[in-house]
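Structure record follows, encoded as structure tokens.
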Amino acid sequence: MALTKNQRRLRIKSRIRKVVSGTETKPRLAVYRSNKEIYAQIVDDVSGKTLSAASSRDKDIAKAKGNKSEVAALVGKSIGEKALKAGISTISFDRGGYLYHGRVKSLAEGAREAGLKF
């Protein structure tokens, strides 16, 4: 029997997470995308802590007008600025099993514009 979309995404996610891991010097930028919102957090997997996070539900981003891709770019810029304030310049990108397309790509490009390297 065929896999559902979510089962397929979780299978891809586990395949990615075997390879991508966040350390203190190079943390992981994890992305979660729901139908309405998009969330991003920078995680140190060694200590198991979230170093910074941003989402489309943040007050300054929620007020912004635009389509979902434009909002995702704002989330990327926000997470990039927060990371630079925390002293993080290089990250490893974890797309969470989603295709690198659309909102996920917009978020990544926004983070790059803010100054993150990955």
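- Scanning both residues, I88 and P27, for their nearest heavy atoms gives CG2-CG, 3.7 Å.
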How far apart are the C-alpha atoms of L10 and N6, what are their side-chain angles, what is the distance that settles it, and do they pass the side chain to side chain contact (heavy atoms under 4.5 Å, CB included) test?
-> CA-CA 6 Å; L10 292 175; N6 198 36; 4.1 Å; yes

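- The CZ atom of R112 lies 14.5 Å from the NZ atom of K77; values are rounded to the nearest 0.5 Å.
- Just one residue in the list L107, D94, V75, I79 forms a side-chain contact (heavy atoms from CB on, under 4.5 Å) with V31, and that residue is L107.
- A distance of 12.0 Å separates NZ in K105 from CG in L99, rounded to the nearest 0.5 Å.
- Nearest approach of G102 to S69, heavy atoms of both residues: C-OG, 4.2 Å.
- Side-chain contact between L3 and R11 is present, with at least one heavy-atom pair separated by less than 4.5 Å.
- Atoms OG and CG, from S106 and L74 in turn, are 10.0 Å apart once rounded to the nearest 0.5 Å.
- The nearest pair of heavy atoms linking I42 to L29 is CG1-CD1, 3.9 Å.
- The minimum heavy-atom distance linking S55 with I61 is given by the pair O-CD1, 3.6 Å.
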So Y98 and K13, side chain to side chain contact (heavy atoms under 4.5 Å, CB included) or not? Walk me through it.
-> CA-CA 8 Å; Y98 303 106; K13 180 180 177 180; over 6 Å; no

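- Remark: K26 does not engage D45 in a salt bridge, criterion side-chain N to carboxylate O under 4.0 Å.
- Nearest heavy atom pair, residue A53 against residue K82, reads O-NZ, 2.8 Å.
- Although no hydrogens or angles enter the test, the distance criterion places no donor-acceptor pair under 3.5 Å between the side chain of D58 and the main chain of D60.
- Both F118 and V104 are assigned to one and the same hydrophobic cluster, defined by single-linkage of ILVMFWY side chains at heavy-atom distances under 4.5 Å.
- To the nearest 0.5 Å, the span separating CD on Q41 from NZ on K49 amounts to 14.5 Å.
- For E24, the CD atom counts as loosely surrounded, since its 6.0 Å shell holds 12 or fewer non-hydrogen atoms of other residues, nucleotides or ligands.
- A cation-pi geometry, defined here as NZ or CZ lying under 6.0 Å from the six-membered ring centre and within 45° of its normal, does not hold between R28 and F93.
- There is a path of hydrophobic side-chain contacts, each under 4.5 Å, that joins Y39 to Y100.
- For the pair L116 and A83, the tightest heavy-atom approach, listed with the atom from each and the gap, is CD2-CB, 3.8 Å.
- A distance of 5.5 Å separates CZ of R103 from CD1 of I38, quoted to the nearest 0.5 Å.
- With contacts defined as side-chain heavy-atom distances shorter than 4.5 Å, the pair I12/R95 qualifies.
- Put simply, the side chain of Y32 does not reach to within 4.5 Å of the side chain of E37, judged on heavy atoms.
- To the nearest 0.5 Å, atoms OG1 (T90) and NZ (K117) are separated by 8.0 Å.
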